[in-house]
Every structure is written in C-alpha cells, then in structure tokens.
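Below, all heavy atoms of this structure are taken into account, side chains as well, without hydrogens, waters or symmetry copies. Whatever order the structure lists them in is the order used to number ligands and atoms, beginning at 1. Please read all numbers here as calculations on a predicted model, not as lab measurements.
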Amino acid sequence: MKMKILMVSPECAPFSKVGGLADMVSSLSKEFAKKGCDVKVFTPLYSTIKGKENFTKEMDNLSVHMGLGIEEFTSVWTTQLGGASVKFLEFNKYYDRPGIYNYGAVSYEDNGGRFAFLSRAALEYCISTGWYPDVIHCHDWTTGLIPVYLNTTLRHSPLGRCATVFTIHNLQHQGIFDKGVLEYAGIPSSEFRADSCEAYGSLNMMKAGLYNCTKITTVSPTYANEIKTSQFGCGLESLLRFRAGDLIGILNGVDLEDWNPKTDKFIAKNYSVSDMKGKAVCKKALQERMGLEVSDKKPLFGVVSRLFDQKGLDLLARIAQPLVDNMDIQLAVLGSGETWLEDSFKNLTASNSGKIASYIGYDNELSHMIEAGADFFLMPSRFEPCGLNQMYSMIYGTLPIVRSTGGLADTVSQYVEGSGKGEGFRFSDATADALYNTIGWACATWYDRPDDIKTMRRNAMTRDFSWLASSDKYEQVYKWAVGTRSSAF
Ligand code: ADP
Ligand code: GLC
C-alpha cells in the first residue's frame, strides 16, 4: 500500500523560501508523489506568497486548540505541486508579516507561538479531515513540538500511531523560548524536563523534536557524524550520540526541472556537456548584467549565499582586495544577511569597478545567471549540513571551491593536479589564508592547465544529483519509522 505522508514545514519552494530547506521540502514531496504516495505539505500562508489567487479554499473554519483554553479559527487553502498537495494555513495574526522569521535583522518575538501554532494546526487538520498519515515528516525546530503532541496529549488519538521523522537542516537554529510557549502550546508542563523539551531553563523546540521523534535524519552523512561532536553539535551532541542508532544522514538531491543548463529559462543561452558554447555566452551576459569587464580571458568566481557566519564569506571579504590585486580574477557576489558583511561587499564593489560586482538582496534569476556564467563557485562554509549551490554549480560546469565540511565534503571530490580528476578544490582550515591559497590554486589551474579545467567540467556535469537515490533512502527511513512506531503500541 502506498504511504500517506504529511510534510510540515515553515518554507516550501516556490511559494516561500529563505534557504535550501524550501527546495528540499518541495523536491522530496514531488518525488514521493511520483512514487504514487499521498503527499500533503502543511505550511503557512504568508502574505508575501505570490499567486494566492490561484489557490482553492478548502476549509474556512479549522479550529485550532492551543493551551490556556485558547481556540482560534483558521482557513486552509490548497494547490498542487507536481502531484503533491500543498495546504496553506491562513492565520493573519501570525503569518501576515513582511518576513518569514524576521523583519530585517530582528526575529519576531512571538516565533515560538507562531510555529507551535503551525504544528498544532497541522495535526488538527488531520483530525478534522480524518486523514491520518503513516508518517509525519518534520523539518527543523519550527516543527519540533509535533512529536511531543503525538507522545503526550494525542498519544491515544488515531494520530498517536503516526511515525515521525525529524530532519535536521541546520542545528544552529534551535528555537529557544520561554517556558510559557509550552503552556500556550497546550503541552503538559511535565514535559518541561531535560529528557524532553527543556534545556538550560528554557524550552528548546529542536531538542523537543529530537527527543520525541521516531527517527532522525540530517542532510548529509558527514554532517550526521559531525553533529555528534562538541565542535558541531551546538550543545545537543550528547543527545545526538544517545539517539545515534536512530540517526541517518541522507544527501539532498537537486530538482532538475529548476536547475538544468539545458532547459534553464533564466540564462542567456542553454548548453550541455556535449555542447558548451552557451557557457561563454552566459559568462558575457553575467559580466554585462553585473557591470564586470567583459572578457573571456579572466576567471570569474561566483557567490550566491546568505551572508551569515555559517557561510564563511567574511573570509572572502577579508581577502577580496589582495585577490583582485594579485591575481587577474573577477568576483560576482549575490547575497544578503549581516549588514556589516553586506557593506563590505558594497565597498569592495565601489572601489574595484569592473573587477568585483555585488548585488545585495535576493534574486532568483541572477542566482541562475551566476551558476551558469561563473567559472568557479565559492563556498567557504564553517559548517554546511548539505549545501545545494555546490551541486547546482557542478551541474552547470562551474567548479566549486569549498571547505571540506558536511555536505560539501560528501559531494565535491578534490582535483588531482595534472590528471583532471575531481570536480572541485577543497580546503580544510576555516581561515582566510587557506581560502586565498585555494583560490590561487584554482586560478593557476585555469591559466596553466586549461585541459584539466575542461576535464573537471565534464566530470562535474556528468555527476548524478537527481533525487532518485535519496528519495529511495527516505522511503526506507519512513518504513523503518512506521515499523518502530507501531511496535511501541
Ligand atoms: P542554506 O539553506 O544554508 O542557505 P543551501 O545551499 O542549502 O544553503 O541553499 C541556499 C538556497 O538559497 C539555494 O537555492 C540558493 O540559490 C538560494 N539563495 C541563497 N541566497 C540567495 C540570494 N541572495 N538570491 C537568490 N537565491 C539565493
Ligand atoms: C540548511 C543548511 C543547508 C542545507 C539546507 C537544506 O539551510 O544550511 O546546508 O542544504 O538546509 O537541507
């Protein structure tokens, strides 16, 4: 029998997106729909979502019972996403805001309540429609209370038998709030203890999910190992070691309908591994669009990223000036995040016209143009649970330069000088020097060993990053979770 799967997520591409979580939820849902499963994605109807006029109203009186005797009335809208059905929770008090988690640099102070509400509403939706999934797939801290409801107040309801799979996309954000959020959520105060929802005197929604779910996944095998150490575990390493037998790392795939140089509608000319002429056209288009000197002689390094500590782009900002002074390279940066880092790239652009270009903001079209038009792609991340852009880059024949961590280590294999083996350039130390030297290595390879660059491009473009293998692994995890949960009754 085909499984019934409920994905609960704060983001779902193309409707709402801050980072790769949105892509992952959307692609995985579509993959399971292709397998014939009944897949529903439950996510907020943010007021910023475009195309709402095409959604259909499914319910206009879903009542959501929170703690403290609070009952709220919400609506649910629906649309299709490649065979999966997306359910949008409309509740303006929480989701009619300019941002998903924050406004500018400031997180919404009621985020605990906003996402406890999403979790509770997803379960109420199942109860009121009588649709009971086999598996509820939870994504990051925002959905951490779902497994707690299923183990406590809803344990003896028909939903209590549902298995939960909790995916860690990024352990750095844990959803730490005052204990009052647990009361608002309607979860018994007895759960406010170190082996459930409490950490250091506060509610920790990530921890709550990790303790209470049936199985845990994260988005690469290396990150699955890293998070069991104090260096990467963000304080939850002993819990993750305790649950190691239920934890597995599965690499994200790439949605080849969106990211494919043969069909990409955002790039100047399509190309493929057997006909690379279009890549040079894309490089010229990118140089023109970003105000870089138009030249096919200089290696062009691209960045598309959130500009936060995780991504290590402060290291790049520190060496960008000597890079363009000492090596004949160009740099194209697209990103947004920390104001000081945004300002650094703006200043570097202003004083290096034609050599460094930056666009501070979010721009999907430009991100495709950079993947296609750049020669190299920079990801010096301090940690990277999976990372999608290094895979997009390889598909576009743009060689990634990455720090060996998490999913970057699992997906990019190191160049072997003189042989053209590998698809990228890796380094270990999270230092500006290591990044500088690795960019120097790539630059020297570009000028001195062009045949190796060609071979590496071919290697990169023929890698298989489709979701097929990974969705099969998720299917095994779902079955494993269903088996474990049912044996607990
Ligand atoms: P993370 O989720 O940690 O940000 P990923 O590499 O998994 O990292 O995913 C990032 C996703 O967000 C990619 O699809 C990338 O293209 C996109 N992205 C990040 N910053 C921008 C931006 N400024 N403009 C357009 N797309 C962006
Ligand atoms: C997180 C991680 C990123 C990962 C993405 C999707 O945002 O930072 O590495 O690719 O989730 O799983």
Side-chain angles (χ1 to χ4, degrees), residues 7 9-14 16-29 100-101 137-142 166-174 206 217-224 226-227 232 234 249-259 264 266-267 290 302-313 332-338 341-342 345 358-372 374 377-396 398 400 402-403 405-412 465 467 470 474:
M7 298 270 175
S9 172
E11 301 174 36
C12 179
S16 52
K17 171 166 164 176
V18 171
L21 180 150
D23 296 297
M24 186 278 193
V25 167
S26 157
S27 319
L28 188 61
S29 304
I100 292 184
Y101 308 105
H137 192 156
C138 306
H139 297 270
D140 267 356
W141 70 264
T142 53
F166 187 95
T167 294
I168 304 169
H169 292 265
N170 190 332
L171 204 56
Q172 194 174 48
H173 307 288
Q174 298 184 1
M206 175 75 91
T217 72
T218 188
V219 287
S220 70
T222 294
Y223 193 60
E226 287 174 338
I227 54 179
F232 294 95
C234 302
I250 303 175
L251 271 178
N252 289 332
V254 169
D255 191 333
L256 296 169
E257 280 169 27
D258 285 343
W259 296 95
D264 194 325
F266 296 121
I267 64 178
M290 294 201 75
V303 170
V304 178
S305 186
R306 293 182 294 115
L307 300 177
F308 289 100
D309 180 69
Q310 172 192 348
K311 302 293 177 181
L313 289 162
V333 178
L334 165 62
S336 63
E338 305 267 6
L341 198 48
E342 293 182 350
F345 284 114
S358 58
Y359 176 80
I360 301 304
Y362 190 90
D363 188 327
N364 187 42
E365 180 185 61
L366 185 56
S367 74
H368 285 250
M369 290 179 70
I370 293 178
E371 291 294 4
F377 193 90
L378 298 168
M379 287 182 81
S381 308
R382 292 196 165 80
F383 72 94
E384 195 61 76
C386 178
L388 296 174
N389 282 105
Q390 80 282 11
M391 295 192 272
Y392 301 159
S393 302
M394 288 188 263
I395 290 170
Y396 284 73
T398 301
V402 303
R403 196 167 101 73
T405 183
L408 300 176
D410 289 338
T411 52
V412 179
F465 292 118
W467 262 102
S470 298
Y474 274 104

message: With the threshold set at under 4.0 angstrom, would you say G361 reaches ligand 1 through any of its heavy atoms?
response: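 G361: in contact with ligand 1 (<4.0 Å).
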
- request: Consider ligand 1: state whether an atom of it lies below 4.0 angstrom from any non-hydrogen atom of K311.
  value: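 It does, in that a heavy atom of K311 comes within the 4.0 Å cut-off of ligand 1.
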
Using a 4.0 Å heavy-atom cut-off, say whether [X] meets ligand 1 through its side chain, its backbone, both or neither.
X	result
K17	side chain
L388	both
C386	neither

Which atoms from ligand 1 have a heavy atom of [X] less than 4.0 Å away?
X	answer
G335	23 (N)
S305	20 (N)
R306	1 (P), 3 (O), 4 (O), 20 (N)

- prompt: With a 4.0 Å heavy-atom cut-off (strictly under), which part of V219 contacts ligand 2: side chain, backbone, both or neither?
  reply: side chain

- prompt: At a non-hydrogen distance cut-off of under 4.0 Å, which region of D23 contacts ligand 2 (side chain, backbone, both, or neither)?
  reply: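 Near ligand 2, D23 shows nothing, with every heavy atom at 4.0 Å or more.
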
Among all protein non-hydrogen atoms, which one is nearest to [atom], and what is the separation to 0.1 Å?
atom	answer
atom 2 (C) of ligand 2	H169 O, 3.2 Å
atom 9 (O) of ligand 2	E384 OE2, 2.4 Å
atom 8 (O) of ligand 2	Q310 NE2, 3.0 Å

N/O separation below 3.5 Å, [X] to ligand 1:
X	answer
N364	no
W259	no
G20	yes
V304	no

message: Please compare Y362, Y392, F308, Y359 and report which has the shortest non-hydrogen distance to atom 22 (C) of ligand 1.
response: Y362

query: With a 4.0 Å cut-off on heavy atoms, is G387 touching ligand 2?
result: yes

- request: State, without any angle test, whether T411 and Q390 hold a side-chain donor-acceptor pair at a distance under 3.5 Å.
  value: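 Yes - a donor-acceptor pair under 3.5 Å links their side chains.
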
task: Mind telling me whether Y392 and W259 have parallel, tilted or perpendicular rings, with 30° and 60° as the class edges?
output: parallel

